[in-house]
Amino acid sequence: MQIRINVKGASRRKPTIVQRVEEYPDREMTVEEFLAETVRRNVREYNEKKDAGEILRLFTEEAIEDKAAAGKVSYGDPMDDRKADAEKAVANALQCFDDGMVALFVDGVRYQKREDVLPLREQSEVTFIRLTFLAGRMW
């Protein structure tokens, strides 16, 4: 089934919302299973991009235009050949969810427990919001 994914961050630097459509298995999933599946997909995509010709990817016209629109054309990822570890990334994502650093909404309803079953259906809208905590001293 196709699920619409929105990723939002509460930041003044990047006010954009990243939206994409992903294909998920047509089965019931808990929050934990959904987060794990989503993180593994993103790690796989990240590692595949690292395998793609880094030099060729840097100098495509589209990549240069995207970076110019962001205000900085650079050489992209550091020249680090290490790949992301999917299981470490899943553990980190689950910890962030448990700590309340990431909010998860499905069709406008917030889910806060790993064991909650998500009512996913075709064209459900899932939104991740990275929460920003304020720190500083009081006057």
Side-chain angles (χ1 to χ4, degrees):
M1 79 182 124
Q2 289 190 336
I3 306 282
R4 290 180 297 159
I5 306 284
N6 301 315
V7 179
K8 301 177 183 182
S11 170
R12 278 191 272 168
R13 289 186 195 177
K14 295 182 181 180
T16 60
I17 299 170
V18 177
Q19 296 179 331
R20 52 195 299 183
V21 175
E22 294 282 337
E23 189 73 33
Y24 281 85
D26 193 5
R27 65 176 174 85
E28 197 172 78
M29 284 191 268
T30 63
V31 168
E32 183 172 356
E33 291 168 334
F34 182 77
L35 288 173
E37 174 72 18
T38 302
V39 169
R40 284 187 186 106
R41 288 168 180 262
N42 281 281
V43 167
R44 187 170 41 250
E45 182 181 316
Y46 173 80
N47 286 339
E48 286 171 359
K49 281 184 182 178
K50 289 202 73 93
D51 286 341
E54 183 66 27
I55 299 298
L56 294 176
R57 214 168 33 93
L58 290 176
F59 297 106
T60 64
E61 187 173 336
E62 182 180 322
I64 292 172
E65 287 174 4
D66 287 347
K67 290 179 184 249
K72 179 181 178 186
V73 177
S74 65
Y75 288 104
D77 296 334
M79 297 301 173
D80 186 358
D81 60 349
R82 293 178 297 173
K83 293 188 178 184
D85 181 325
E87 295 315 307
K88 285 182 182 178
V90 167
N92 187 47
L94 292 172
Q95 185 66 51
C96 288
F97 179 78
D98 289 342
D99 291 346
M101 296 177 72
V102 175
L104 171 67
F105 295 84
V106 176
D107 295 325
V109 177
R110 185 172 182 187
Y111 292 86
Q112 295 181 301
K113 296 179 185 171
R114 284 189 193 194
E115 60 274 2
D116 289 344
V117 176
L118 300 176
L120 296 173
R121 60 186 191 288
E122 188 72 24
Q123 292 300 316
S124 279
E125 185 171 34
V126 175
T127 302
F128 293 100
I129 301 177
R130 184 180 62 232
L131 302 173
T132 303
F133 298 97
L134 301 176
R137 51 181 205 217
M138 295 182 59
W139 296 96

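All values reported here derive from a predicted model rather than from experimental measurement.
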Trainee: So, for Tyr111 and Val117, which heavy atoms are closest and what is the spacing to 0.1 Å?
Mentor: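 For Tyr111 versus Val117, the nearest heavy atoms are CE2-O, 4.1 Å.
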Trainee: Working note: Arg40 + Val90, criterion side-chain contact (heavy atoms from CB on, under 4.5 Å); need CA distance, chi angles, decisive distance, verdict.
Mentor: CA-CA 7 Å; Arg40 284 187 186 106; Val90 167; 3.9 Å; yes
Trainee: Evaluate the criterion side-chain contact (heavy atoms from CB on, under 4.5 Å) for residue pair Val126 and Leu120; output intermediate values, then yes/no.
Mentor: CA-CA 9 Å; Val126 175; Leu120 296 173; 3.9 Å; yes
Trainee: In the structure I gave you, are the side-chain heavy atoms of Glu33 and Arg27 within less than 4.5 Å of one another anywhere?
Mentor: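 Yes, at least one pair of side-chain atoms sits under 4.5 Å.
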Trainee: State, yes or no, whether a side-chain contact exists between Val18 and Phe128 at a heavy-atom distance under 4.5 Å.
Mentor: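 No; the side chains remain at least 4.5 Å from each other.
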Trainee: So, taking the atom named CG in Leu104 and the one named CZ in Phe97, what distance separates them when rounded to the nearest 0.5 Å?
Mentor: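 Leu104 atom CG to Phe97 atom CZ measures 5.5 Å (nearest 0.5 Å).
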Trainee: Taking only residues two or more places apart in sequence, or in another chain, which ones meet Asp107 in a side chain to side chain donor-acceptor pair (under 3.5 Å)?
Mentor: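 Asp107: side chain to side chain donor-acceptor pair (under 3.5 Å) contacts with Arg121, Ser124.
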Trainee: Take Arg130 and Met101 through the side-chain contact (heavy atoms from CB on, under 4.5 Å) test and state the conclusion after the steps.
Mentor: CA-CA 6 Å; Arg130 184 180 62 232; Met101 296 177 72; over 6 Å; no
Trainee: Are side-chain N/O atoms of Asp116 and Gln112 paired as donor and acceptor at under 3.5 Å?
Mentor: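 There is no such pair between these side chains.
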Trainee: Would you indicate whether Glu28, at its atom CD, is surrounded by more than 12 heavy atoms from other residues, nucleotides or ligands within a distance under 6.0 Å?
Mentor: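 Result for CD/Glu28: open.
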Trainee: One thing to verify: whether Glu45 and Arg41 come together as a salt bridge, which I'm taking to mean a side-chain N less than 4.0 angstrom from a carboxylate O.
Mentor: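 So Arg41 does not pair with Glu45 through a salt bridge.
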Trainee: Which atom pair, heavy atoms only, marks the closest approach of Ala89 to Val43?
Mentor: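 Smallest heavy-atom distance, with atoms named: CB-CG2, 3.7 Å.
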Trainee: From Met1 CE over to Asp26 CG, what is the distance, rounded to the nearest 0.5 angstrom?
Mentor: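 Rounded to the nearest 0.5 Å, the CE-CG separation comes out at 4.5 Å.
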Trainee: Can you see which heavy atom on Ala103 is nearest to which on Leu131, and at what distance?
Mentor: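 In terms of heavy atoms, the two residues are closest at CB-CD1, 4.4 Å.
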Trainee: What's the separation between atom CG in Asn42 and atom CD in Glu37, rounded to the nearest 0.5 Å?
Mentor: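 Here the rounded value is 10.5 Å.
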Trainee: So, do Gln123 and Gln2 sit near enough that their side-chain heavy atoms are less than 4.5 Å apart?
Mentor: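 The answer is yes; the side chains approach within 4.5 Å.
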Trainee: Between Val21 and Val106, is there shared hydrophobic-cluster membership here, with clusters defined by ILVMFWY side-chain heavy atoms closer than 4.5 Å?
Mentor: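 No, no single cluster joins them.
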Trainee: Does any part of the side chain of Val31, heavy atoms only, come nearer than 4.5 Å to the side chain of Lys113, both counted from C-beta?
Mentor: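 Not in contact.
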Trainee: Return the minimal non-hydrogen interatomic distance between Val39 and Ala93, and the atom names on each side.
Mentor: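 Reported closest heavy-atom pair: CG2-CB, 3.5 Å.
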Trainee: Would you name the heavy atoms of Leu94 and Leu35 that are closest together and state the gap between them?
Mentor: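 Shortest heavy-atom contact: CD2-CD1, 3.9 Å.
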Trainee: Can you tell me how far the NZ atom of Lys83 sits from the CD atom of Glu48, to the nearest 0.5 Å?
Mentor: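 The distance works out to 8.5 Å.
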Trainee: Report yes if some heavy atom in the side chain of Arg114 is under 4.5 Å from a heavy atom in the side chain of Thr30; otherwise report no.
Mentor: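 No, their side chains stay 4.5 Å or more apart.
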